[in-house]
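We're numbering straight along the sequence, starting at 1.
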Amino acid sequence: MFNSAVFKANKLPILLTIISAVLYFTFAYNLERTAHFKLVSIYVLLFTSFYFLIKNNKENTNFLTAIAFLFRAIFILSIPNLSQDFYRFIWDGRLILQGINPYLHTPESYISQAQYPVAQAQELYNGMRQLNASHFTNYPPINQLCFIIAGIFAGKSIVGSAMVLRLLIIAADFGILYYGKKLLKQLKLPTHNIFWYILNPFIIIELTGNLHFEGVMIFFLIWSLYLLHVGKWKWAAVVFALSIATKLVPLMFLPLFFWWFLKEQTTKNFIKLITFYTIVLVTILLLFAPFFSSQFIDNYAKTVGLWFSNFEFNASIYYIARAIGYWFRGYNEIAVIGKILPVITILFILYLSFLKKNTSLQKLITAMLFSFTIYLFLSTTVHPWYIVTILMLSIFTNYKFPLVWSFIVIISYLAYANADNTENLWVIALEYLVVFGVFIWETILQKTKKSHA
């Protein structure tokens, strides 16, 4: 029997939960990404509800955990509506189960010759579209393992495969919740901070909804950082390698561990550092070993290189550099700019690694946050789900610009509101005006204000 007293005492969180559930259902089952007004409206309402749910229920973590599961469960039978990448995930997993190395041939190379190596090959090819199908896969081994699991349990059903992938991503999210809370406690930070990630509509939609595997990568990353903090650095190295073998992103964090191990500059600590790096490298090589061949290396390098020399989406500083290039040269200088910007990113990471002493875990996490933030600011391609990593890292700091970015980034999907999927640079300018505004306020203006106080 429904207790009216309970409802009155918890009226706002119950109403916000019901409203959010209805909005998530609408998002999952009744939304096309070309319906830009509906897309943005639902997202804004979800984000507003999310903010007040956490603000008014900080101490009730059981309630927040329950609704985090509920909102994810709503998506269980849905097909992603903002991304087609999952079709390639399914293709790769089924290909491996046929004993075929997915790194050696593109889907297009099969379909163009009327070869159908996996179940529902034509449907998968049509779903992933020509751009994806014409390139070699770049998903690392742990990612591929997830795809294999989907193939084992749902080898002839696209909906079934999506469901399996979704369950794996949800499991990773709750792994993040578990280790994230433990790490926050270790660092003496409020444990409810984890819900700014777990309950964020951006995370629920991009990971559970659109089946992006950044969450699995982050699960291993946070687990690794926890192990490092409690002194189990060898296991931390193994788990960190699993993170890299899910998505390559954490590779850029490896130099940042330098001062963590060399807090005291002794031979013993230097050996620890070298051992840590050796364990990471050996684990990664072992995971890639089943796919290894000279052709694999060539194909993989080409595909990764495309992100710096061919693809463009939702960029910031790169778009400014591109405009200057057009002004001086009269054509797109991506081939040149795409090589210069990563060098700047690497130099910045080396600066944080060797000239900033990351001797505490919070300093290390903050260095990771800024390393990846600068990488995103200088990238030619910034898909919305790339922001997932800095959002997670930010909960261990006082920085809020990733949270703000996770809200405003939805407008980048307005590029799909027209038939040719062209970006409106005024919309991109608005997004980065907000992001850079908050970033500059938090990193420069606020610190300057405090130093003069």
Side-chain angles (χ1 to χ4, degrees), residues 25 27-35 72-172 205-216 246-247 290-291 295-296 299-300 302-303 306 311 383 385 413 416 421:
F25 186 87
F27 203 108
Y29 300 99
N30 190 26
L31 178 70
E32 297 289 335
R33 70 179 182 180
T34 51
R72 284 165 171 78
I74 289 169
F75 284 86
I76 200 67
L77 295 173
S78 69
I79 290 293
N81 50 15
L82 298 183
S83 172
Q84 295 88 31
D85 289 354
F86 77 100
Y87 289 106
R88 184 60 178 268
F89 303 164
I90 297 169
W91 175 283
D92 280 6
R94 291 181 184 179
L95 210 59
I96 294 172
L97 289 172
Q98 294 297 320
I100 302 171
N101 189 335
Y103 297 103
L104 302 186
H105 306 282
T106 65
E108 189 174 63
S109 68
Y110 287 107
I111 301 300
S112 63
Q113 297 178 51
Q115 295 178 5
Y116 307 98
V118 299
Q120 300 175 296
Q122 189 66 57
E123 292 175 62
L124 293 172
Y125 174 80
N126 295 341
M128 72 180 75
R129 299 188 180 178
Q130 195 272 336
L131 179 63
N132 188 314
S134 64
H135 294 114
F136 296 102
T137 191
N138 66 340
Y139 303 110
I142 296 298
N143 226 338
Q144 296 289 351
L145 176 62
C146 295
F147 308 159
I148 292 169
I149 293 170
I152 291 170
F153 288 99
K156 295 181 180 179
S157 168
I158 290 174
V159 173
S161 294
M163 188 187 302
V164 175
L165 294 172
R166 187 165 283 122
L167 289 172
L168 292 172
I169 290 167
I170 291 172
I205 289 167
E206 288 295 356
L207 304 188
T208 302
N210 293 325
L211 300 179
H212 294 298
F213 275 80
E214 273 67 15
V216 177
T246 307
K247 293 279 183 179
F291 305 102
Q295 189 182 346
F296 155 73
N299 293 348
Y300 204 83
K302 282 178 183 175
T303 304
L306 289 173
F311 299 151
H383 288 298
W385 55 92
Y413 279 111
Y416 300 106
N421 295 343

Enquirer: So which heavy atom on Gly215 is nearest to which on Ala172, and how close?
Expert: O-CB, 3.9 Å
Enquirer: For a side chain to side chain contact (heavy atoms under 4.5 Å, CB included) check, start with the C-alpha distance between Leu168 and Val216, then their side-chain angles and the critical distance, and finish with the verdict.
Expert: CA-CA 8 Å; Leu168 292 172; Val216 177; 5.6 Å; no
Enquirer: Heavy-atom distance under 4.5 Å between the side chains of Ser134 and Glu108, does that happen here?
Expert: yes
Enquirer: Verify whether one side chain among Arg88 and Asn132 offers a donor that lies under 3.5 Å from an acceptor in the other.
Expert: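 Present: a donor and an acceptor within the cut-off.
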Enquirer: I'd like to know whether Phe213 forms a side chain to side chain contact (heavy atoms under 4.5 Å, CB included) with Phe89, so could you lay out the CA-CA distance, the side-chain angles of the two residues, the decisive distance to 0.1 Å, and finally the verdict.
Expert: CA-CA 10 Å; Phe213 275 80; Phe89 303 164; 3.9 Å; yes
Enquirer: With a 3.5 Å distance limit and no angle check, can you tell me whether Gln295 reaches the backbone of Leu104 through a side-chain donor-acceptor pair?
Expert: yes
Enquirer: Quick check against the 3.5 Å criterion: does Arg129 have a side-chain atom that pairs as donor or acceptor with the backbone of Gln84?
Expert: no
Enquirer: Out of curiosity, Ile100 CD1 to Asp92 CG, how far, rounded to the nearest 0.5 Å?
Expert: 11.0 Å
Enquirer: Looking only at atom types and distance, does a side-chain atom of Tyr29 sit under 3.5 Å from a main-chain N or O of Ile74, one as donor and one as acceptor?
Expert: yes
Enquirer: Give me the one residue out of Leu207, Leu165, Ile205, Ile169 that meets side chain to side chain contact (heavy atoms under 4.5 Å, CB included) with His212.
Expert: Leu207
Enquirer: Are Ile76 and Leu167 side-chain neighbours, meaning at least one heavy-atom pair lies under 4.5 Å?
Expert: yes
Enquirer: If you take all heavy atoms of Pro107 and Ala133, which pair is closest and at what distance?
Expert: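 Closest approach of Pro107 to Ala133: CD-O, 3.2 Å.
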Enquirer: Can you name the nearest heavy-atom pair linking Ser78 to Ala162, along with the distance?
Expert: O-CB, 4.4 Å
Enquirer: Under a 4.5 Å cut-off applied to non-hydrogen side-chain atoms, are Trp91 and Thr137 in contact?
Expert: no
Enquirer: Is it true that atom CD of Glu32 has more than 12 heavy atoms of other residues, nucleotides or ligands lying nearer than 6.0 Å?
Expert: no
Enquirer: Go through the steps to decide whether Phe86 and Phe147 satisfy the test ring-ring contact (aromatic ring centres under 6.0 Å, His included), and finish with yes or no.
Expert: CA-CA 9 Å; Phe86 77 100; Phe147 308 159; over 10 Å; no
Enquirer: Taking side chain as C-beta onward, heavy atoms only, is Val118 less than 4.5 Å from Ile90?
Expert: no
Enquirer: With a 4.5 Å limit on heavy-atom distance, are the side chains of Pro117 and Arg94 in contact?
Expert: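 No. Closest side-chain heavy atoms not under 4.5 Å.
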Enquirer: Between Ser109 (side chain) and His105 (backbone), is there a donor-acceptor pair under 3.5 Å?
Expert: no
Enquirer: Just to verify, which of Tyr103, Phe296, Phe136 counts as forming a ring-ring contact (aromatic ring centres under 6.0 Å, His included) with Phe291?
Expert: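 Exactly one pass, corresponding to Tyr103.
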Enquirer: Please confirm whether the backbone N or O of Phe27 pairs with a side-chain atom of Asn81, one donor and one acceptor, at under 3.5 Å?
Expert: yes
Enquirer: Check whether the side chains of Ser83 and Arg33 place a donor and an acceptor atom closer than 3.5 Å, and report yes or no.
Expert: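 No, because no side-chain N or O of Ser83 sits under 3.5 Å from a partner of the opposite role on Arg33.
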Enquirer: Counting only heavy atoms from other residues, nucleotides and ligands, does the tally under 6.0 Å from CZ of Phe153 exceed 12?
Expert: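 No, the 6.0 Å shell around CZ holds no more than 12 heavy atoms from other groups.
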Enquirer: Do you see a donor-acceptor pair shorter than 3.5 Å between the side chains of Thr246 and Asn143?
Expert: no
Enquirer: Give me the ring orientation class for His135 and Phe311: parallel if the planes are under 30° apart, tilted from 30 to 60°, perpendicular past 60°.
Expert: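 The rings of His135 and Phe311 stand perpendicular, inter-plane angle above 60°.
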Enquirer: Between Thr303 (side chain) and Asn138 (backbone), is there a donor-acceptor pair under 3.5 Å?
Expert: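 Answer holds: no.
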Enquirer: State the CD1-CD1 distance between Ile152 and Ile148, to the nearest 0.5 angstrom.
Expert: 7.0 Å
Enquirer: Would you say the side-chain atoms of Arg166 pair up with the backbone N or O of Leu211, donor to acceptor, closer than 3.5 Å?
Expert: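 Checked: no pair found.
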Enquirer: Hey, what's the ring geometry for His383 with Trp385, parallel, tilted or perpendicular (30° and 60° as the breaks)?
Expert: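 It falls in the parallel class, under 30°.
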Enquirer: Just do the ring-ring contact (aromatic ring centres under 6.0 Å, His included) check on Tyr110 and Tyr116 with the steps written out, would you?
Expert: CA-CA 7 Å; Tyr110 287 107; Tyr116 307 98; 9.7 Å; no
Enquirer: Evaluate the side-chain proximity of Ile96 to Gln144: yes if any heavy-atom separation is below 4.5 Å, no if none is.
Expert: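 Contact flag for Gln144/Ile96 side chains = yes.
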Enquirer: Over all heavy atoms of both residues, which pair between Ala119 and Gly155 is shortest? Give the atoms and the distance, please.
Expert: CB-O, 3.5 Å
Enquirer: Side chains of Pro140 and Tyr300: closer than 4.5 Å at any heavy-atom pair?
Expert: yes
